[in-house]
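Down below is the structure, laid out as structure tokens.
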Amino acid sequence: MVHDMIISSVFAVVQALAMLALSPLMIGVIRKIKAWFQGRKGASIVQPYYDMAKLFRKETVVSDQASWVFRVTPYVAIASVMVAALLVPFFTIYSLGFVGDLIVVIYLMTMFKFFMVLAGLDTGSAFGGMGSSRELMVSSIVEPTMLLAIFTMALITGTTNLSSISETLAISGIDLVRPALFLATAAFFISLLAENARVPFDNPSTHLELTMIHEAMVLEYSGRNLALMEAASWMKLMLYSVILSNVFFPWGIATDLTVLGMIGGIAAILVKVLFVAIAIAIIESGMAKMRLFRLPNLLTLSFTLALLAVTSYYIL
Amino acid sequence: MMPGPMNELVEDLPSILASSVVSSSLEANHLQIEVRKDALAGMAAHMIGHCHAWLISEHAADLRERDGTFHIYVIFALPKGDGIITVMSKVDGSDPSYRSLTPDIYAANWFEREMMEGFGLLPSGHPDLRPLRLYDSWPSGVYPMRKDFDPSVPVPRVPTGYEFRHVEGEGIFEIPVGPVHAGVIEPGHFRFSVAGEPVINLEVRMGYVHKGIEKLSESLPYPRGVMLSERISGDNGFTHSLAYCQAIESIAGADVPERARYLRTAFSEMERIYNHMGDIGGIALDTAFGVGAQMAYVLRERMLSLNERITGSRFLRSVNCIGGVRKDIDMSGKRSISTELIGLKLDFDDLVGMMTEMPSLLDRVETTGMLSDDAAKNLNVVGPIARASGIDRDTRRDHPYAAYKDLSFSVPLYREGDVYARMMVKIEEVLESISLIEQAMDRMPEGQLCAKVVDVQAGRIGMSLTETHRGEAMHWVMSGEGRPWRHKVRDPSFLNWPAIEVAVMGNIVPDFPVINKSFNLSYSGNDL
Amino acid sequence: MFKFFDLGVRKHGVVTTRYPSEAFVPPEGSLGMPDVDGERCNMCGRCSDACPTGAISLAGRKVTVDLGLCIFCGECARSCADGGMFMSREFELATRSRGELEVEHDVKG
């Protein structure tokens, strides 16, 4: 028992650090693919690492209207994503899932968002406030959607521990595959786009401060604080992609401690995350950003899918 | 359609106005009427209300050295036919005030503020006398456009305030945007009053790139003035300098060679194409449709490279000169242009097909930023913005210049007045421009490039209207000794900026960048 | 549905180049930096008079062109009768100090 806990803890830390190290690469790949669609060569896929290094060297300027919330938020952000990363299976099924289950993970993300919303309001700038209010409008529908989608998986596998969900689904082959799985995946994918400020919800590369949702809350940050906020956001995208891959389609994940299993697990998760990145890039290239007040329509669609997923579990 | 109705115009004046006419003269299609100061507002209202004329400009000139007065010129264009009417009044230097035209003609608003700021001419009855460009620490009582203002003496800085319009109410807050924007764009300040997301009021405050162009022009000999006019608003430099050259040429009575006229037409249309490509790309970019934006920018770059191959300058600088043009298009140039335009048209059709069939993009641009045709008429907007709101005016057709009267083209007209309509007007104008260039290349006769113009007589007035890609630009020159005594530049953006305040009402804040991009106005051309 | 791909990168490929590692040469006649042909210049000073911003100065046997004042209008080249002043196609003109923008040319002719 203690032996298992030690192994899980070690792997959890290794996996969390690996996710942190790979998240800028995922962003680099998305940007490169988008650039290719636009007919450009684009920046190199390791450019986000250089950007991060550059930001750490820059000066930090803080508005004199800001309170402790503004200063503390970057640290809360990075801390909450790292703790959540410890609870999520990456290339093995081992994680600290026995300490916190899927509800803890979702709410760690929510704590990150909560602090970011407050920080957006804290400086007293109009753009931050607008970004915060839009973010809350979007997340008021996204959160129940995400919870329902993951609950579907919990229902299918009988546990709310993310590692156990992965393990159960991976070991059982195709026995547990049902329509609910696909509906829940679709709902979760739309939530992923919404939570991580991708098109059609938000344009991550815009310079127009009046249209920003996520970027507007981060507008006032500079230097090291901005580096931490960016790293946390990238890590959040990586986390959501990993949850999408390992909770909904965990086949290929390493279920034991064999070297072959490990290699297979690493390959599997990298392929899956790459696939998610390509999907995001294709959607971002092929669609325009939706009008702000049409976003609830799309979000309600994803909520309906999640609801259907749960009910179809009982009916089908 | 010229002298007849214009002549009758003076005879048809109601007796109150007729009795105030000091003199009138008709030269070609330009009617000049001088009236007494107290009848200026009435005459202007008559032009707008009875003759349905369009206000081109209202400006002043300091002629106190000559006869102790300021002259106010109000210039109108008749809706049909190529008729221009100038109504002039003399205002005594000792009593620099006159009755404001703004209560009857809303479009006169900014012109009168500009005259107040530059000359100190007080428009009595004007609803809003805040400074237009010199609001930041400029002392009152110092009027830079007067002849006794010495530009070499530094003006003391005096702290001043500026009152924005306030909207009171529950849940209303103000969002100040700019002049420092989050992208590399021109500076301007937008003060929004919003209730959540919908915009209740927008106030636009420009003036951050005021360079004193009109004053500077008074010290530059005419050939240098051409260079200055190319740089008033960088991306319509060719058409602005064309208007300046044409104004000087009309004073000197110069006869521009036929070949030069056709070349000027071709270059002007090339300028229109690359700018419209940029605008269409801008709308795609602001709605986060990256692929479409990049395609449009690639087409724009191809046009700019073509410009450079033909004239040596990507933005067609140093091409115009007084009397004609400096750069020729030879046989290989013609072939180059032809090939490029054929390729451009095919790729442009692809882009347009993609953008007009994309539901997510169409959803953003339809019914956004509507400018009703009433508002458009009252504000006297010009250019594609006017043509998207049902106003059928195009300087190339209504007041032909260069070679336009020999070429055939149609003017696109839409009625909805939303971002989609403006985008479609620009798309159709690109296709018309391609056809115009091909026609000009075909019909261009052999001949000289530039007529020699040496003698520009002093004390005469010349005016020219051209259609830049943003709309009608006007250059009005009163000649002095080898350089202008007064040079009035009226960029189309000067008329169109007030229209944004109206178009944005009722839209939500995130739609403002798309609306602003669909107008695509020049901050520099407005601020001069 | 995939028009953005068919009409985009599939039709045209990647159109950007790896500048500055791949050099770019502007076309013939492009208005770049005003350059002096030391053999043909006879120090007549017409270019200096023609320049609208006063960017050209002549002293001794040197012609100095101040690129910080130059507006690349081409008047100097146009006014030169001997081919001493011409518009080159140089466009990579950034320097790290204001002084370096004043380019001196020696005149031998």
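Here is how names work: the chains are called A, B, and so on, in the same order as the sequence lines, proteins then strands, and each is numbered from 1.
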Sorted by number, residues from residues 330-362 of chain B in contact with chain C (heavy atoms, under 4.5 Å): B/Asp347, B/Asp350, B/Gly353, B/Met354, B/Glu357
Show the numbers, then the answer: is there a side-chain contact (heavy atoms from CB on, under 4.5 Å) between B/Ser229 and B/Val489? CA-CA 9 Å; B/Ser229 62; B/Val489 179; over 6 Å; no
List the residues meeting salt bridge (Lys or Arg N to Asp or Glu O under 4.0 Å) with B/Asp235, not counting sequence neighbours, and say none if there are none. B/Arg470
Heavy atoms only, distances under 4.5 angstrom: which of C/Gly29, C/Pro52, C/Cys73, C/Gly74 has the most pairs with chain B? Name it, please. C/Pro52
Is any side-chain N of the basic residue among C/Glu75 and B/Arg326 closer than 4.0 Å to the acidic one's carboxylate O? yes
So that I can tick it off, tell me whether B/Arg264 and B/Glu249 are bridged by a salt bridge, with the cut-off set at under 4.0 angstrom between side-chain N and carboxylate O. yes
Validation row: B/Asp491, B/Ser522 side chains within 4.5 angstrom (heavy atoms): yes
Proximity of residues 82-98 of chain C to chain B, residues having a non-hydrogen atom under 4.5 angstrom: none
Side chain, backbone, both or neither of B/Arg309 within contact of chain C (heavy atoms, under 4.5 Å): both
Side chains of C/Thr64 and C/Glu102: is there a donor and an acceptor less than 3.5 Å apart? no
Residues of residues 18-27 of chain C within contact distance of chain B, non-hydrogen under 4.5 Å: C/Pro26, C/Pro27
Tell me, do B/Pro484 and B/Ser217 make a side-chain contact under 4.5 Å, heavy atoms counted? yes
Can you tell whether the side chains of B/Asp328 and B/Arg259 come within less than 4.0 Å, N to carboxylate O? yes
Would you please classify the geometry between the B/His487 ring and the B/His475 ring as parallel, tilted or perpendicular, with 30° and 60° separating the classes? tilted
Check: B/Phe267 and B/Asn320 side chains under 4.5 Å, non-hydrogen atoms: no
How about B/Ser318 and B/Lys327: does a side-chain donor come under 3.5 Å of a side-chain acceptor? no
Can any side-chain N or O of B/Arg231 pair as donor or acceptor with the backbone N or O of C/Ile71 at less than 3.5 Å? yes
Would you mind checking which part of B/Arg314 comes under 4.5 Å of any heavy atom in chain C, side chain (CB onward), backbone (N, CA, C, O), both or neither? neither
Does any donor atom in the side chain of B/Glu186 or B/Ser524 lie under 3.5 Å from an acceptor atom in the other side chain? no
Heavy atoms, side chains only, cut-off 4.5 Å: are B/Tyr297 and B/Gln294 in contact? yes
